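First up is the structure itself, then whatever we jot down about it.
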Amino acid sequence: MNTTVSCELHLRLVVSSESSLPVPAGLRYATADPYAVHATFHTGAEETVEWVFARDLLAEGLHRPTGTGDVRVWPSRSHGQGVVCIALSSPEGEALLEAPARALESFLKRTDAAVPPGTEHRHFDLDTELSHILAEN
């Protein structure tokens, strides 16, 4: 049985030290893909940007800086509130987003209830995934 956990939240796109823009976002976690959190950032009326993060990366980023390369995550404060900073880098550009720490923590607790950390391998069929990858080539 595949269980899905989702969350809608409002992030802030940091434009400068004095300015930020609201970015509605959706997070989705499915037990069929137990290592990943799929994020959809709504950047315009019909436009979205999709990213996939390791669930462990987001969870660790609640408490300490983590990540290298394309995705880095760390806890911070903004306007007196706890936030989680998410820095994204791609060939198309870079973005620094601030997510409300409480909302992200609540979402991750619900994913932990669906698949406790350390048990992801029980929900992931490596042989099936490899078959799909090899069939595409």
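Only this structure's heavy atoms are used, side chains among them; waters, hydrogens and symmetry mates stay out. Fair warning: this is a prediction, and the values are worked out from it, not measured in the lab.
- A heavy-atom distance below 4.5 Å is not found between the side chains of Thr66 and Asp56.
- When the side chains of ILVMFWY residues are joined at heavy-atom separations under 4.5 Å, either directly or via intervening members, Trp51 and Leu57 end up in a single hydrophobic cluster.
- Hydrophobic clustering places Leu9 together with Val49 (ILVMFWY residues linked when any side-chain heavy atoms are closer than 4.5 Å, directly or through intermediates).
- Side chain of Ser106 to backbone of Ala103: no donor-acceptor contact under 3.5 angstrom is found.
- Side chain of Thr31 to main chain of Thr3: a donor-acceptor pair is present (N/O by atom type, distance under 3.5 Å, no hydrogens or angles).
- The two residues Cys7 and Phe107 have their closest heavy-atom pair at CB-CD1, 3.4 Å.
- Side-chain atoms of Ser90 and Asp70, non-hydrogen and from C-beta on, never get closer than 4.5 Å to each other.
- In this structure, Leu96 CG and Arg72 CZ are separated by 8.5 Å, a value rounded to the nearest 0.5 Å.
- Leu62 and Leu58 fall within a single hydrophobic cluster, where Ile, Leu, Val, Met, Phe, Trp and Tyr side chains are chained together by heavy-atom contacts under 4.5 Å.
- Thr43 and Thr48 make their closest contact through OG1-N, 4.1 Å (heavy atoms, listed as atom of the first residue, atom of the second, distance).
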Worked verdict on Phe41 versus Leu97 for side chain to side chain contact (heavy atoms under 4.5 Å, CB included): CA-CA 10 Å; Phe41 303 108; Leu97 299 159; 3.7 Å; yes
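- Under the 4.5 Å side-chain heavy-atom criterion for ILVMFWY residues, a single connected hydrophobic cluster contains both Tyr29 and Val84.
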I'd like to know whether Arg55 forms a side chain to side chain contact (heavy atoms under 4.5 Å, CB included) with Val115, so could you lay out the CA-CA distance, the side-chain angles of the two residues, the decisive distance to 0.1 Å, and finally the verdict. CA-CA 11 Å; Arg55 178 174 68 158; Val115 177; 4.1 Å; yes
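- Hydrophobic clustering places Leu11 together with Leu27 (ILVMFWY residues linked when any side-chain heavy atoms are closer than 4.5 Å, directly or through intermediates).
- Distance check, rounded to the nearest 0.5 Å: OG1 of Thr40 to CD of Glu8 gives 8.0 Å.
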Let me see the working for Glu60 and Val73 under side chain to side chain contact (heavy atoms under 4.5 Å, CB included), right down to the final yes or no. CA-CA 8 Å; Glu60 188 173 336; Val73 184; over 6 Å; no
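- Counting heavy atoms of neighbouring residues, nucleotides and ligands inside a 6.0 Å radius, atom CZ of Arg102 does not exceed 12 of them.
- Residues Arg28 and Thr4 approach most closely at CG-CG2, 3.6 Å, considering heavy atoms.
- Residues Ala39 and Phe53 share a closest heavy-atom pair of CB-CE1, 3.4 Å.
- Here the side chain of Arg12 pairs no donor or acceptor atom with the backbone of Pro100 at under 3.5 angstrom.
- Between Ser20 and Val14, the shortest heavy-atom distance links the atoms CB-CA, 4.1 Å.
- The minimum heavy-atom distance linking Gly69 with Ser89 is given by the pair O-CB, 4.5 Å.
- Rounded to the nearest 0.5 Å, atoms NE2 (His10) and NE2 (His42) are 9.5 Å apart.
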Is there a side chain to side chain contact (heavy atoms under 4.5 Å, CB included) between Val71 and Leu88? Walk through the geometry before answering. CA-CA 5 Å; Val71 181; Leu88 306 174; 4.1 Å; yes
